[in-house]
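Working notes, beginning with the structure itself.
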Amino acid sequence: MLKTLKQSAIVAKHILSLSSSTKSFTRHLSIKTFPPLQSKLSALCSNGQLQDALLEMAVQGLEIKFEGYDTILNECVNRKALREGQRVHTHMIKTQYFPPLYLRTRLVILYCKCDCLDDARHVFDEMPERNVVSWTAMISGYSQNGFSSEALSLFVQMLRSGTEPNEFTLATTLPCCTGDCGLDYGRQIHSVIIRYNYESHVFVGSSLLDMYAKAGKIHEAQRVFDGLVERDVVSCTAMIAGYAQLGFDVEAVELFRRLLKEGMSSNYVTYTSLLTALSGLAALDQGKQVHNHILRRELVSYVVLQNSMIDMYAKCGNLMYARRVFDRIPERSVISWNAMLVGYSKHGMGSNVIELFKLMRAEGKVKPDSVTFLAVLSGCSHGGMEDTGLGIFDEMVAQKDGFMPNIEHYGCVVDLLGRSGRLEQALKFIDEMPYKPTAAIWGSLLGACKVHSNIDVGEYVGSKLVEIEPENAGNYVILSNLYASAGRWEEVRNLRELMKEKAVSKEPGRSWIEIDQTLHTFHASDRSHPRKDEVQMKVKELLVRLKEAGYEPDLSCVLYDVEDEQKEKILMGHSEKLALAFGLLSTCEGSPLRVIKNLRICVDCHNFAKFISKLYGRQVSIRDKNRFHHIKGGVCSCGDYW
DNA sequence: TTAGGGTTAG
């Protein structure tokens, strides 16, 4: 009797220990099926023998129930084993097993992970009951596959059903708030977040600040970031990336430095965002330093990071380094190719663009995409290879690479035709293309009219532009330049009146130059730089010397209605001239000058830089909003077309 | 069981 009792106690203890190890699912346990089958299945699964595990399930038939399905479905999810998962699902149906909520949710997760959203949704719709996890799993499936509106509408349905969202749901749903109404949806979710007190949760907070940053609301992003009770790599990276994406490059770099000092950990994503900011600044010395950090930390094998480095070096003007990074990537993605192609294109190196594009086609490992063709077409345009570009467009239309041109590619063709002076043909092309012309397309044609001094087409195009984009000052400037160059001052005056009427404002011009790892920024007519007086003197000195050599300030670049003397003063205050003067003051004779400008360079500054390169024997490179100008001996790589 | 940040182009 005593012996039997003792035995029962041992059995009971065994069951209890099993219960605690399998958490809350103990009610399904039976000594008959568990533990031998369970441990056998687990062993098979962990050995990767999913097939054998399935066979074992089939042999055991209905005896398996929860534990068996759970074990094998778990393994299917971990390995994204769709076929095996489907067989388990079929097995459930065949044996008329009625899965509980937990297993149904596992099926939803499995199908979502394997990109079978319809199957996931089917299981989800058939669920007799749902909890926050099943809702979140389905929302996450949509969210991660880019089906934002489905995810958002499911989120709304979830709230209506009375299920409260948790931190997982909120962090998953926020990334769906993109596009036109993204900010509105985002703000509504923000209010839900506040209601449930998740604003300072690190995952929810990073998602929230990212949403604001992507909507261009940097201050709101910053407010969320400042309110986080705990910060980690992701939230910090999100903030740095937010700054970088919106062009707050200095803030991005400063935040990175500050956080580094505070001991924040960083990973390859952090460096990617940091490189974006350094690319914007064209801070070559700092970029090289970051490259060294990446090498030392052995992060260099991330393709994303290598792509960022190609872009950084190209935007800093060093194509040789960019190419070296490109050549060392073992598995290039389409973005690696594009970054390199865009690099050559912006530097006006048309033949390099074509050569690399041929290599890409010949290798055939990576398919060109929309950006590839934009880079190739604009590369032909910047490099003065109009007919080659037009030929490639024809190949696109003929579907040589299985890729149809979109409106932006049509825009490139307008650019190519305009550049080669075929303005009437460009007008006809716009008229016949299958898209409605955008302001950018008219804008590029207007630029072409200015370069080729074609008033007739220019007037027509200008009127179209002012109609679509009355607030864009750049359009008035080009049109006014066009009238001025034809001596039609009456029209220039009318245009100026029109500008005043529409209260057009221009983004303030800004240029900078990197000297010994420090960026020196100048604004138009800047009086804030510590060496402003020296700079001013230098510009005056340059003006005298350049005039002796034949330079004549192009007063038509000034739109204000003032005396010519005043116009010359305004021109001499242009930020790129200040940066060039400062460069001459701070570097030794013969060394190259590298200036960055936030807007497109004006004709007068371009001419000014050409004279400097010739008279002072300097290679001058200027990166403007559109492209690089490499000026040597008074000749610019853009061929005076930009 | 479910979650957040990143690269080219414009």
Side-chain angles (χ1 to χ4, degrees), chain A residues 23-25 70 73-74 77-78 101-110 112-113 131-141 143-144 165-175 198 201-211 213-214 221 224-225 228 231-242 244-245 266-276 279 302-312 314-315 322 326 332-343 345-346 368-379 406-409 411-412 438-440 625-626:
Chain A
K23 293 182 187 160
S24 57
F25 309 118
D70 176 35
L73 268 185
N74 234 340
V77 169
N78 288 342
L101 172 62
Y102 176 87
L103 285 184
R104 286 175 198 263
T105 307
R106 295 302 288 170
L107 281 171
V108 170
I109 294 165
L110 173 72
C112 284
K113 280 203 170 169
N131 62 10
V132 62
V133 180
S134 41
W135 280 102
T136 306
M138 194 64 233
I139 292 171
S140 160
S143 163
Q144 298 195 338
N166 64 14
E167 65 274 35
F168 289 80
T169 328
L170 296 163
T172 310
T173 314
L174 276 165
Y198 281 119
H201 183 280
V202 66
F203 275 38
V204 179
S206 339
S207 221
L208 188 60
L209 83 84
D210 184 57
M211 183 277 294
K214 291 213 167 84
V224 176
F225 182 67
L228 290 177
R231 287 175 184 171
D232 63 4
V233 203
V234 177
S235 50
C236 294
T237 305
M239 195 62 237
I240 293 169
Q245 283 156 5
S266 52
N267 59 21
Y268 82 101
V269 185
T270 324
Y271 281 106
T272 302
S273 301
L274 179 64
L275 283 170
T276 303
S279 303
Y302 288 95
V303 183
V304 174
L305 203 40
Q306 290 165 322
N307 296 344
S308 277
M309 285 201 280
I310 295 174
D311 183 52
M312 183 273 291
K315 285 192 176 145
F326 176 84
R332 294 180 198 112
S333 71
V334 67
I335 295 180
S336 324
W337 290 92
N338 292 349
M340 198 63 234
L341 288 166
V342 169
S345 163
K346 293 241 172 199
D369 67 2
S370 145
V371 180
T372 315
F373 284 106
L374 283 178
V376 172
L377 295 174
S378 71
N406 62 35
I407 183 151
E408 285 170 313
H409 302 107
C412 288
T438 59
K625 203 174 184 182
N626 238 6

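Throughout, a chain's letter reflects where its sequence line sits, starting with A, and its residues are numbered from 1.
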Just by distance, with hydrogens left out, do A/Ser273 and A/Thr276 show a side-chain donor and acceptor under 3.5 Å apart?
no
Is it the case that the base of B/dG5 and the side chain of A/Thr237 share a donor-acceptor contact (distance under 3.5 Å, atom types as modelled)?
yes
Listed nucleotide nearest any side-chain atom of A/Asp311, set B/dA3, B/dG6, B/dT8
B/dT8
For the side chain of A/Val202, starting at C-beta, report the closest nucleotide among B/dT7, B/dG4, B/dT1.
B/dG4
Taking any heavy-atom pair under 4.0 Å as a contact, classify A/Thr136: base, sugar-phosphate, or nothing.
base
Any A/Ser235 side-chain N or O less than 4.0 Å from OP1/OP2 of B/dG5:
no
Would you classify A/Thr270 as touching base, sugar-phosphate or nothing, given that sugar-phosphate means primed atoms plus P, OP1 and OP2, and contacts are heavy atoms under 4.0 Å?
base
Look only at the side chain of A/Asn338 and the backbone of A/Leu341, and say whether a donor-acceptor pair between them is shorter than 3.5 Å.
no
Options B/dG4, B/dT2, B/dG5, nucleotide nearest the side-chain atoms of A/Ala238:
B/dG5
Quick one about A/Asp210 and A/Ser207 (side-chain donor to acceptor, distance below 3.5 Å, no hydrogens or angles considered), yes or no?
no
Under 4.0 angstrom, heavy atoms only, what part of the nucleic acid is A/Val334 near: base, sugar-phosphate, or nothing?
nothing
Assign A/Asn166 to base, sugar-phosphate, or nothing according to its heavy-atom contacts below 4.0 angstrom with the strands shown.
base
Presence of A/Gln245 side-chain N/O under 4.0 Å of B/dG6 phosphate oxygens OP1/OP2
yes
Quick one: is B/dT7 close enough that its OP1 or OP2 comes under 4.0 Å of any side-chain N or O from A/Lys315?
no
Taking only the side-chain nitrogens and oxygens of A/Gln144, find out if one of them lies under 4.0 Å from OP1 or OP2 of B/dG4.
yes
Please confirm whether the backbone N or O of A/Arg231 pairs with a side-chain atom of A/Ser235, one donor and one acceptor, at under 3.5 Å?
no
Looking at every strand, decide which applies to A/Asp232 at a 4.0 Å heavy-atom threshold: base, sugar-phosphate, or nothing.
base
With A/Thr172, which residues qualify under side chain to side chain contact (heavy atoms under 4.5 Å, CB included), at least two apart?
A/Thr136, A/Ile139, A/Ser140, A/Ser143
Hey, is the side chain of A/Ser206 pairing donor to acceptor with the base of B/dG4 inside 3.5 Å?
yes
Give A/Lys346 one of three labels, base, sugar-phosphate or nothing, depending on what nucleic acid heavy atoms sit under 4.0 Å from its own.
sugar-phosphate
Rounded to whole Å, how long is the line connecting atom CE of A/Met340 with atom P of B/dA9?
13 Å
Of the listed nucleotides B/dG5, B/dT2, B/dT8, the one nearest the side chain of A/Val342:
B/dT8
Donor-acceptor pair under 3.5 Å: do we get one between A/Tyr268's side chain and the base of B/dG6?
yes
Write down the distance between CD1 (A/Ile310) and C1' (B/dT7), rounded to a whole number of angstrom.
9 Å
Side chain of A/Glu167 - closest among B/dT7, B/dG5, B/dA3
B/dA3
A/Ser308-A/Asp311 side chain donor-acceptor pair, cut-off 3.5 Å:
no
Selection from B/dG5, B/dT2, B/dT7 that lies nearest to any side-chain heavy atom of A/Asp210
B/dG5
Centroid distance under 5.5 Å and plane angle under 30°, A/Phe203 vs B/dA3
no
Should A/Lys214 be listed as having a side-chain N or O under 4.0 Å from OP1 or OP2 of B/dG6?
yes
Nearest to the A/Val234 side chain among B/dG5, B/dT7, B/dA3, which nucleotide is it?
B/dG5
Choose from B/dT2, B/dG6, B/dA3 the nucleotide whose nearest atom is closest to any side-chain atom of A/Ala241.
B/dG6
Where the side chain of A/Ser273 is concerned, which of B/dT1, B/dT2, B/dG6 is the nearest nucleotide?
B/dG6
